[in-house]
Q: 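Structure provided below as structure tokens; questions to follow.
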Amino acid sequence: MHCPYCRSRDLRVLDTRDTEEGIRRRRECGACRRRFTTYERLAPTIWVIKSDGRREEFDPDKIMEGLRKACAKRSVSTEELEGLVQEVQESVSSLGRAEVTSKAVGDLVMAGLRKVDEIAYVRFASVYVPLGDLESIRTEIERMMDERRAREE
């Protein structure tokens, strides 16, 4: 585990409590001295079925890594990204299935990311969705602009 502020691994637990959702731990970073809360929950193993048929265990860290790349040099806070990862994780868990397709996970990420930052959404989509040429990227951006205009009217 890393400090969400400075990424240091020098952490200590200040307080531990049982809650209805699991275990709540209050932590402090030894490097930057900032405090944060973590929650530990027992979750069933969910397998992600990749497009080539391989199966991987669902890993929220992989989602966070992709989001960080998409949001590089954007004004998106770590808290927003963590919230999005949490939403995706809860949505996948609420499906009540042992297996879910990578497409379903990617669609959930894209839907959430689009609400957070449109530029990061296009960056993520350019990797996730086969936007293989400039015309397909242009079409997607025009669709987004049309939706924005409709919301503003």
Side-chain angles (χ1 to χ4, degrees), residues 1-52 54-131 137 140-141 143-145 147-148 151-152:
M1 176 179 295
H2 300 278
C3 171
Y5 303 105
C6 71
R7 307 292 299 153
S8 170
R9 289 183 176 263
D10 181 19
L11 306 174
R12 69 184 189 117
V13 175
L14 302 174
D15 181 48
T16 301
R17 294 187 185 180
D18 288 332
T19 65
E20 290 180 12
E21 297 87 32
I23 299 172
R24 174 189 174 275
R25 296 192 198 277
R26 191 73 181 143
R27 299 178 187 268
E28 181 178 55
C29 176
C32 70
R33 293 290 194 233
R34 294 180 79 176
R35 293 181 178 190
F36 60 97
T37 302
T38 60
Y39 295 92
E40 298 174 22
R41 296 180 185 98
L42 185 59
T45 300
I46 297 173
W47 295 95
V48 177
I49 311 301
K50 308 296 262 182
S51 59
D52 64 1
R54 288 180 300 123
R55 286 173 163 68
E56 287 184 8
E57 193 169 333
F58 178 81
D59 184 2
D61 292 336
K62 284 184 76 172
I63 296 171
M64 180 60 93
E65 183 180 329
L67 290 173
R68 280 198 178 111
K69 288 176 184 175
C71 294
K73 298 184 181 181
R74 301 293 302 158
S75 60
V76 179
S77 70
T78 301
E79 288 80 20
E80 286 177 294
L81 296 181
E82 288 173 347
L84 178 53
V85 170
Q86 185 68 32
E87 285 176 30
V88 171
Q89 192 170 7
E90 288 171 2
S91 295
V92 168
S93 294
S94 71
L95 295 173
R97 296 185 296 189
E99 297 180 339
V100 65
T101 64
S102 58
K103 180 179 180 346
V105 174
D107 289 346
L108 289 168
V109 172
M110 286 190 27
L113 187 55
R114 189 167 184 189
K115 295 174 193 168
V116 172
D117 187 280
E118 290 177 334
I119 301 299
Y121 166 81
V122 171
R123 287 178 179 171
F124 188 88
S126 70
V127 174
Y128 172 72
V129 178
L131 299 176
I137 293 172
E140 178 64 15
I141 292 172
R143 186 179 66 76
M144 291 173 59
M145 295 300 291
E147 288 177 9
R148 178 187 275 180
R151 281 193 312 261
E152 292 173 353

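Just so you know, these numbers use all the heavy atoms, side chains as well, and skip hydrogens, waters and symmetry mates. The shown structure was predicted, so the numbers you read here are calculated from the model rather than taken from an experiment. Numbers for residues simply follow the sequence, beginning at 1.
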Q: Between Phe36 and Arg26, what is the shortest heavy-atom contact and its length?
A: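 In terms of heavy atoms, the two residues are closest at C-NH1, 3.2 Å.
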
Q: When rounded to the nearest 0.5 angstrom, what distance separates OG1 in Thr45 from CD in Glu57?
A: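 Between atom OG1 of Thr45 and atom CD of Glu57 there are 4.5 Å.
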
Q: With a 4.5 Å heavy-atom cut-off, do Val48 and Thr101 have their side chains touching?
A: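 When only atoms from C-beta onward are counted, Thr101 and Val48 do not touch, as no gap falls below 4.5 Å.
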
Q: To the nearest 0.5 angstrom, please state how far the CD1 atom of Ile63 sits from the CD atom of Gln86.
A: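 Output value for this atom pair is 10.5 Å.
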
Q: Is Arg55 paired with Glu99 through a side-chain N to carboxylate O contact shorter than 4.0 Å?
A: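 So Glu99 pairs with Arg55 through a salt bridge.
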
Q: Side chains of Met110 and Phe124, heavy atoms from C-beta outward: is any pair under 4.5 Å?
A: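 Contact flag for Met110/Phe124 side chains = yes.
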
Q: Testing the basics here: between Cys3 and Cys6, what is the closest heavy-atom pair and its distance to 0.1 Å?
A: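 Answer, listing the atom of Cys3 first, then Cys6: SG-N, 3.4 Å.
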
Q: Which distance, rounded to the nearest 0.5 Å, do you find between the CD of Glu80 and the CG of Leu67?
A: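 One gets 11.0 Å once the value is rounded to the nearest 0.5 Å.
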
Q: Would you name the heavy atoms of Arg97 and Ile46 that are closest together and state the gap between them?
A: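 What the structure gives for the nearest pair is O-CG1, 4.1 Å.
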
Q: Side chains of Arg24 and Thr16 only: does a donor on one sit below 3.5 Å from an acceptor on the other?
A: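 Side chains of Arg24 and Thr16: no pair found under 3.5 Å.
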
Q: Which heavy atom of Cys71 sits nearest a heavy atom of Leu81, and at what distance?
A: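 Nearest pair, atom of Cys71 first, then Leu81: SG-CD2, 3.7 Å.
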
Q: Crowded around Arg143 CZ? As in, over 12 foreign heavy atoms under 6.0 Å?
A: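 It does: Arg143 CZ has more than 12 such atoms within range.
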
Q: If you take all heavy atoms of Ser91 and Leu108, which pair is closest and at what distance?
A: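 Closest approach of Ser91 to Leu108, heavy atoms only: CB-CD1, 3.9 Å.
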
Q: Do Arg35 and Arg27 pass the side-chain contact (heavy atoms from CB on, under 4.5 Å) test, and can you show the C-alpha distance, the side-chain angles, and the key distance before you say yes or no?
A: CA-CA 6 Å; Arg35 293 181 178 190; Arg27 299 178 187 268; over 6 Å; no

Q: In Å and rounded to the nearest 0.5 Å, what is the CD to OG distance from Glu82 to Ser77?
A: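 Glu82 atom CD to Ser77 atom OG measures 8.5 Å (nearest 0.5 Å).
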
Q: How long is the gap from CD on Glu87 to CD on Glu90, to the nearest 0.5 Å?
A: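 Nearest 0.5 Å value for the CD-CD distance: 7.5 Å.
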
Q: Answer yes or no: is there a side-chain heavy-atom contact under 4.5 Å between Glu28 and Arg34?
A: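 In short, these two side chains do not touch, never coming nearer than 4.5 Å.
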
Q: Can you see whether Tyr121 has Arg114 sitting over its ring - NZ or CZ less than 6.0 Å from the centre and within 45° of the normal?
A: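 Positive - Arg114 is close enough to the ring of Tyr121 and near enough to its axis.
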
Q: Do Leu11 and Met1 have side-chain heavy atoms sitting under 4.5 Å apart?
A: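 Yes - at least one pair of side-chain heavy atoms lies under 4.5 Å apart.
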
Q: Looking at Asp52 and Arg54, is any side-chain nitrogen of the basic one under 4.0 Å from a carboxylate oxygen of the acidic one?
A: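 Salt bridge between Arg54 and Asp52, a charged N being under 4.0 Å from a carboxylate O: yes.
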
Q: Checking Arg74 side chain against Glu118 main chain: does a donor-acceptor pair fall under 3.5 Å?
A: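 Here the side-chain-to-backbone pair does not exist.
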
Q: Side-chain contact, heavy-atom cut-off 4.5 Å: Val92 with Phe58?
A: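 Contact flag for Val92/Phe58 side chains = yes.
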
Q: To the nearest 0.5 Å, what is the distance between CD (Glu56) and CD1 (Ile49)?
A: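 If we round to the nearest 0.5 Å, Glu56:CD and Ile49:CD1 are 10.0 Å apart.
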
Q: For Arg123 and Ala72, work out which heavy atoms get closest and say how close.
A: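 Shortest heavy-atom contact: NH1-O, 2.5 Å.
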
